[in-house]
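Written out below as structure tokens is the structure these notes cover.
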Protein chains: 2
Amino acid sequence: MILDTNKTQAEAIAVRIRTLILNGALQPGQPLRQEALSEQLSVSRTPLRHALQSLAEEGLVETIGYKGAKVAELDRGMVDDLFEMRLVLEPLALRSALPQITKLDLARAEMALDTADTEKEPSKLSALNWDFHYALYRPSNRQMLLRTIEQLNKASALAEVIANSIVGRPKKSAAEHRKLLRACRDGDETGAIAALSEHLQLAHQDIRTGKD
Amino acid sequence: MILDTNKTQAEAIAVRIRTLILNGALQPGQPLRQEALSEQLSVSRTPLRHALQSLAEEGLVETIGYKGAKVAELDRGMVDDLFEMRLVLEPLALRSALPQITKLDLARAEMALDTADTEKEPSKLSALNWDFHYALYRPSNRQMLLRTIEQLNKASALAEVIANSIVGRPKKSAAEHRKLLRACRDGDETGAIAALSEHLQLAHQDIRTGKD
DNA sequence: AGAATCATAATTGTATCCAATACGGCTTTT
DNA sequence: AAAAGCCGTATTGGATACAATTATGATTCT
């Protein structure tokens with residue numbers, strides 16, 4: 001989960017750049033010049049470089065030695081991969097989490113959904129979307145699994161933003177999320193897994209149609 | 001696959017540190033002081049920090065802001081996660097790859113096995129192990145999937161080394177690898193998948209028993 | 001004596017400066 | 001005229017110096 005400690009500047013910068021990317025201010029393929037960005041963000045190039053590296057390992061930017069960094073371009077194959085992996089890994093996490101889920105977890109998930117209902121900014125929506133899913137998976141206490149799932153989610157956030165800028169996906173997504181939350185609250189494991197799978201498949205589908 | 005270009009020093013250093021970790025020269029939990037390492041490796045702290053960050057995102061190192069970095073400690077739960085993920089993702093990659101696999105790919109895989117037969121150094125063995133698996137998965141041409149699988153393999157390499165330092169795992173592993181390669185060469189998809197699953201489960205098991 | 005506090009040292013993160021590398025235009029050669 | 005080689009500029013990677021943060025130890029107060 002994204003610990004907003006931001007104690008180190010590099011991480012703070014990473015957050016800001018991620019926001020710029022997810023809001024479309026920096027579009028895929030666009031080169032990220034270190035000097036320009038560093039002066040625009042009022043930071044030295046050193047922590048900026050660290051931030052770019054973090055985002056690179058996250059999948060949001062591509063960086064080639066001595067040639068610079070650019071916002072990642074996700075082709076259809078990559079998006080397919082992302083969702084195929086999510087479709088097998090996230091049900092795993094959910095199934096592990098459900099027996100140990102607490103009311104606090106459910107409350108956190110619900111709060112994320114409520115906040116998302118009135119939120120417009122894409123980067124915030126992406127964050128809330130992850131908050132929701134994370135609240136449901138975290139009780140599994142499976143660090144490695146959660147970590148990979150988080151990576152995949154962050155990457156697919158970029159894909160959603162690219163495809164999705166105009167479409168009314170948030171509304172549909174909200175309904176699917178509520179359904180999933182309800183099943184979790186009722187302790188209905190098979191229902192929850194089904195809702196999750198359906199949700200992921202629909203999201204995937206919308207991205208595919210949006211990308212054409 | 002690990003392109004040994006080493007064009008940038010940070011990557012070269014990352015390779016060296018990874019080697020130190022996988023050979024046991026740097027043991028889990030051991031703190032990695034920047035100044036000490038930088039002088040030991042005859043490099044400035046700047047690329048060293050980049051290397052540490054890379055290794056952190058790889059899972060071999062944990063780093064906390066202002067508190068320093070240390071070699072990652074993988075508990076049993078993390079290892080279980082790693083192999084559970086590998087067990088679902090790698091068959092996916094293999095199944096996608098098999099229809100497009102070429103003789104060159106198979107030759108590469110075989111060469112990795114042959115080289116491994118006479119190799120003693122753990123870090124080299126880990127690298128060759130990945131070379132073998134990668135040769136079989138790469139024809140799938142699924143970048144994202146391959147990338148995640150590579151991450152998981154690198155992380156479990158650390159786990160294998162920890163558990164495995166003495167045991168005769170390499171021999172058993174070799175037999176399983178040959179069996180898998182044979183099935184791939186024969187175009188026997190179900191056999192290959194079965195061999196792969198069995199191989200992963202055995203590796204997991206050996207690590208678990210070794211860790212006690 | 002024990003705990004809290006302040007000062008000092010050790011270590012990490014950041015800024016600035018220098019070196020190495022890649023890109024673009026030019027000349028030069030065939 | 002086309003292609004290959006070379007030089008100058010722009011941009012990234014690395015080294016050094018400085019600031020911020022954390023840990024440690026002594027000192028003081030209760």
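Below, read A as the first sequence line, B as the second, and so on, with proteins coming before strands; counting in each chain starts at 1. Atoms considered below: every heavy atom in the structure, side chains included; atoms not considered: hydrogens, waters and symmetry mates.
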In terms of the nearest nucleotide of DNA chain C, which residue is placed more toward the 5' end: A:Y66 or A:T46?
A:T46

Taking the side chain from [X] and the backbone from [Y], do they hold a donor-acceptor pair closer than 3.5 Å?
X	Y	result
A:E11	A:T8	no
B:N129	B:L125	no
A:S38	A:E35	yes

Please state how far atom CD in A:E35 lies from atom P in D:dG13, giving the value in whole angstrom units.
14 Å

In this structure, how many angstroms lie between the C1' atom of C:dT14 and the CG atom of A:L41, rounded?
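Rounded to whole Å, this separation is 15 Å.
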
Just checking, is any N or O donor in the side chain of B:D105 or B:Q100 under 3.5 Å from an acceptor N or O on the other one?
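B:Q100 and B:D105 do not have a side-chain donor-acceptor pair below 3.5 Å.
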
Pairing donors with acceptors under 3.5 angstrom, does anything connect the side chains of A:Q53 and A:T63?
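No pair is found: no donor N or O on one side chain lies under 3.5 Å from an acceptor on the other.
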
Look at the side chain of [X] and decide which nucleotide, out of [options], has an atom nearest to it.
X	options	answer
A:Q34	D:dT12, D:dA15, D:dT21	D:dT12
B:T8	D:dG13, C:dT12, D:dA15	D:dG13
B:P47	D:dT12, C:dT21, D:dG14	D:dG14
A:R33	D:dT11, D:dA15, C:dT14	D:dT11
B:Q9	D:dT12, D:dA15, C:dG13	D:dA15
B:S44	C:dA15, D:dT22, D:dA15	D:dA15

May I ask you to verify whether the side chain of B:R45 and the base of C:dG13 hold a donor-acceptor pair under 3.5 Å?
yes

Donor-acceptor pair under 3.5 Å: do we get one between B:R49's side chain and the base of D:dG14?
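No such pair is found, so the answer is no.
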
Looking for any heavy atom pair under 4.0 Å, which part of the strands does A:L32 touch: base, sugar-phosphate only, or nothing?
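Answer is sugar-phosphate: A:L32 comes under 4.0 Å of backbone atoms only.
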
Would you indicate, yes or no, if C:dA22 has its OP1 or OP2 atom less than 4.0 angstrom from a side-chain nitrogen or oxygen of B:K7?
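So the side chain of B:K7 is within the cut-off, an N or O lying under 4.0 Å from OP1 or OP2 of C:dA22.
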
Below 4.0 angstrom from OP1 or OP2 of C:dG13, is there any side-chain N or O of B:K67?
no

